[in-house]
Amino acid sequence: MHIFSSRLLASALLLGLLASCQSQTKQTASTESGTPGAAPADTTITSPNDGITGADIGQHIKVLASDEFQGRKPFTAGEEKATAYLADQFRKLGLKPGPDGSYFQKVPLVEITGMPAPTMQITGGKSGPVTLNLSTDYVAFTEQEKPSVAVSNSPLVFAGYGVVAPEYKWDDYAGLDVKGKTVVVLVNDPGNAGNDTTFFKGNAMTYYGRWTYKYEEAARHGATGLLIVHDTKPAAYPWSVVQSSYSGAKLRPQTADKGASKCTLEGWLTLDATKRLFQAAGQSYDDAYAAANKPGFKAIPLNLNVSTTIKNKLKRTASKNVVAVISGEKRPNEYVVYSAHWDHLGIGAPVAGDSIYNGALDNASGCAALLSIAKAYTQLEKGPGRSIVFLAVTGEEQGLLGSAYYAAHPLFPLNKTVADLNMDDLPASGPMRDLTVIGYGQSELDDYARAAAKEQDRYILPDQNAEKGYYYRSDHFNFAKVGVPALYASGGADSRSKGKEYMEKQHQEYEAKHYHQPSDEYNPKWDLRGMEQDARLLFQVGLRLANETTFPQWKPGSEFKAIRQKSLANK
C-alpha cells in the first residue's frame with residue numbers, strides 16, 4: 001500500500017510495536033486484559049463450527065492473488081475479475097445486493113498525471129531570487145482537473161501548522177486573509193513538538209496533523225497554494241517517500257466542480273529548502289518554528305512570491321466498491337459495516353522476472369476474511385438483530401478513495417451505521433497472543449475488542465507509535481471522519497508459539513523482500529490460524545454490536561465525538 005495510505009505505515013508501525021513490546025508500560029500491563037509473558041507451549045486455538053477456517057480464508061487468497069487477477073489494479077481486467085469474484089461469492093452465500101439492487105457501487109475517479117515545472121521561482125528576497133528544483137527541493141501537484149495550472153507571484157505566508165481547532169482554542173488562520181496567497185505550514189500538529197501530554201493529544205497525532213487536513217483547511221480559506229514543510233521525525237517517513245509518492249499518474253475523486261475548490265498548488269518543501277526561503281526573507285526559521293508551537297501564534301508574511309506551473313494529463317472513469325448485505329431481524333435499518341480493500345498495484349516493473357504485484361497479504365487477506373465472516377453470519381441459527389454490510393472498497397492504494405467515496409455517498413445512513421470493522425494485511429504466521437489496536441483510546445470499540453480478545457486468551461496491545469498518526473491512514477478512517485466509530489485491529493506482534501522476536505524477524509523479512517513486491521504471493525506453507533483468529537474475533541465483535549440496542553460512542557477527547565453527536569441527533 002501507498003505510504004500515504006495505510007499498509008506500509010501500518011507495517012512500519014508493527015516494526016515499532018515489536019521493538020517496543022518488550023518494554024510495555026506498567027500502565028498498559030495493569031489496564032489490559034491479559035499480560036504479555038513467555039509464549040505458552042499450547043498453540044491450539046478454539047475453532048467453533050462458525051464457518052471461519054484458515055483453509056477457507058486461504059482458498060480465497062489463492063484465487064484473489066493469482067496471476068489471473070493481474071494484481072487487482074483499478075481500471076484493469078484485474079479489477080473486473082476481482083470485483084466479479086467477490087460479488088459472486090456474496091451471491092452464493094445468499095447475501096443481498098446493495099439498496100439499488102446491485103452488488104456494485106460506482107466510484108467516479110479521475111486519473112491525473114501531473115508534470116510539474118522543473119523549477120519553482122521565489123522572488124522578492126533581499127539577496128535576490130531563489131530557484132528551487134523539482135524533487136530535490138520540492139514536489140508539486142494539483143487536484144484541479146485542468147490541462148494546466150499556473151501560480152504567478154503568489155505571496156508566501158508562514159501559517160504555523162495550518163490548524164484551526166476550536167476545541168483546543170487554536171487558530172493558525174486567525175486574522176489572516178490568504179486569498180491569492182500560498183501558505184507554508186509545518187507537518188504534524190502543535191502537540192507533537194513538546195512534552196505536554198495535555199496539549200492537543202501530546203505526542204499522539206490528531207487529525208489536524210494529517211497532510212490531507214492541511215490541504216483541505218487551506219482551500220477552505222481560499223488559498224492559492226499550500227506547501228508543507230517536510231521534517232522526517234514528525235512526518236515519520238523520509239523525503240524519498242514524498243518523492244516517490246507524487247510521481248506518475250494518481251487517482252483522485254471526481255468532484256462536481258472538477259477540483260475547482262481545491263488549492264491550485266499543493267506540495268511539499270524539504271526542510272533545507274524552507275530554511276533557504278526564510279533566509280532569503282531575512283527571517284529565522286528556528287524562531288518562526290518556536291513561535292508556531294506557542295498559543296497565540298500569528299501568521300508571518302515572508303514578503304516573498306512564488307511562481308510555478310503544472311501540466312496535467314486527465315482520464316475520467318469509474319471504479320467499483322463491492323457491497324453485500326445480511327438484513328437484520330429486529331432493527332434492519334441499523335447497520336454494522338465490515339470493510340476491506342480489494343485493490344493492489346497491478347502489473348509493474350519486473351522483479352526477478354515477475355511483473356505481477358499479486359498483493360496476497362496486501363490485501364487479498366482482508367477480502368478473504370470478509371468472505372469468511374459473511375459465511376459465519378449465514379450459519380447462525382438466529383440472524384443478527386441489525387443488518388450487516390460487507391464492503392470491499394477500491395483505490396486504497398491510491399489514497400483511500402473507495403472508502404472516501406462511500407463515506408461521502410453512503411448506501412446506508414451514516415447516523416444509523418453503528419460501527420466499521422476494517423481488515424487489512426492480516427498475519428500469516430500462526431496464532432497470536434496480541435491484538436494490536438490502531439487508534440486505541442478513540443472509542444468504546446476498544447472495550448468490545450478487549451472482551452473478544454479475552455475469549456481467545458489474547459491481550460490488547462495499544463498503538464505504541466500514536467505520534468505517527470496511523471489511525472488516520474487506513475480505510476476505517478473515512479468512517480471515523482464522518483463520525484462512525486471504527487475499529488482497526490489484528491494480531492501480529494506476539495506469536496503464541498514463537499514469541500515477539502520471531503515476529504519481529506518475520507516483519508523485517510516482509511518489509512525487505514515482499515512488501516509491494518511481486519513476491520507478495522499466496523504461499524501454501526503459511527499458517528493461517530492467526531487470520532482465522534482475527535476473523536473470528538471481528539465476527540464476534542460485529543455480532544455483539546448487531547444484537548445490542550445501543551450505539552458505541554467516541555471517548556472524551558476524540559476529535560470525532562462532536563461529529564457523531566450531531567449525526568445521531570438527526571436520526
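Owing to the predicted nature of the structure, the values given are computational and were not obtained by experimental measurement.
- Residues Asn358 and Arg72 come closest through the heavy atom pair O-NH1, 2.7 Å.
- Salt bridge Asp88/Lys92: present, at least one basic N to carboxylate O contact under 4.0 Å.
- Residue-environment remark: NZ (Lys555) exceeds the threshold of 12 foreign heavy atoms within 6.0 Å.
- Taking the centre of each ring, Tyr471 and Tyr440 stay at or above the 6.0 Å mark.
- Of all heavy-atom pairs between Leu93 and Ala374, the closest is CD1-CB, 4.0 Å.
- Looking at Phe90 and Val322, their side chains come closer than 4.5 Å, going by heavy atoms from C-beta outward.
- Residues Ser387 and Pro332 meet the side-chain proximity criterion, which asks for heavy atoms closer than 4.5 Å.
- Using modelled atom types and a 3.5 Å distance limit, the side chains of Ser443 and Gln553 yield no donor-acceptor pair.
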Item to complete: Step by step, work out the ring-ring contact (aromatic ring centres under 6.0 Å, His included) result for Tyr213 and Tyr472.
Response: CA-CA 10 Å; Tyr213 163 80; Tyr472 311 103; over 10 Å; no

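- No side-chain heavy atom of Gln456 sits less than 4.5 Å from a side-chain heavy atom of Gln540.
- Residues Phe69 and His344 place their aromatic rings such that the two centres sit no closer than 6.0 Å.
- No side-chain donor from either of Asp420 and Tyr406 sits under 3.5 Å from a side-chain acceptor of the other.
- Rounded to the nearest 0.5 angstrom, Glu532 CD and Asp50 CG are separated by 7.5 Å.
- Glu111 places no side-chain N or O within 3.5 Å of a backbone atom of Leu251 that could act as its donor or acceptor partner.
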Item to complete: List the steps and the verdict of ring-ring contact (aromatic ring centres under 6.0 Å, His included) for Tyr215 and Phe141.
Response: CA-CA 12 Å; Tyr215 292 129; Phe141 60 97; 5.7 Å; yes

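- Annotation: cation-pi pair Arg386/Phe551 present, NZ/CZ under 6.0 Å from the ring centroid and within 45° of its normal.
- Asn422 and Ser339 are linked by a side-chain donor-acceptor pair at a separation below 3.5 angstrom, with hydrogens and angles left out of the test.
- If you check the side chains of Lys513 and Ser519, you find no donor sitting under 3.5 Å from an acceptor.
- Note: His60 and Tyr85 have perpendicular aromatic rings, judged against thresholds of 30 and 60 degrees for the angle between ring planes.
- To the nearest 0.5 Å, atoms CD (Glu396) and OG (Ser474) are separated by 6.0 Å.
- The distance from the OG1 atom of Thr394 to the NZ atom of Lys73 is 11.5 Å, given to the nearest 0.5 Å.
- Counting only heavy atoms from C-beta outward, the side chains of Gln89 and Lys375 never approach each other to under 4.5 Å.
- When every heavy atom of Trp554 is checked against every heavy atom of Ala486, the shortest pair comes out as CH2-N, 4.0 Å.
- The ring pair (Phe, Tyr, Trp, His ring centres under 6.0 Å) with Phe390 is formed by just one residue from the set Tyr335, Tyr338, Tyr103; it is Tyr338.
- Checked for salt-bridge contact, Lys500 and Glu504 miss the test: no charged N lies under 4.0 Å from a carboxylate O.
- Side-chain atoms of Trp526 never come within 3.5 Å of backbone atoms of Gly58 as a donor-acceptor pair (strictly under, hydrogens ignored).
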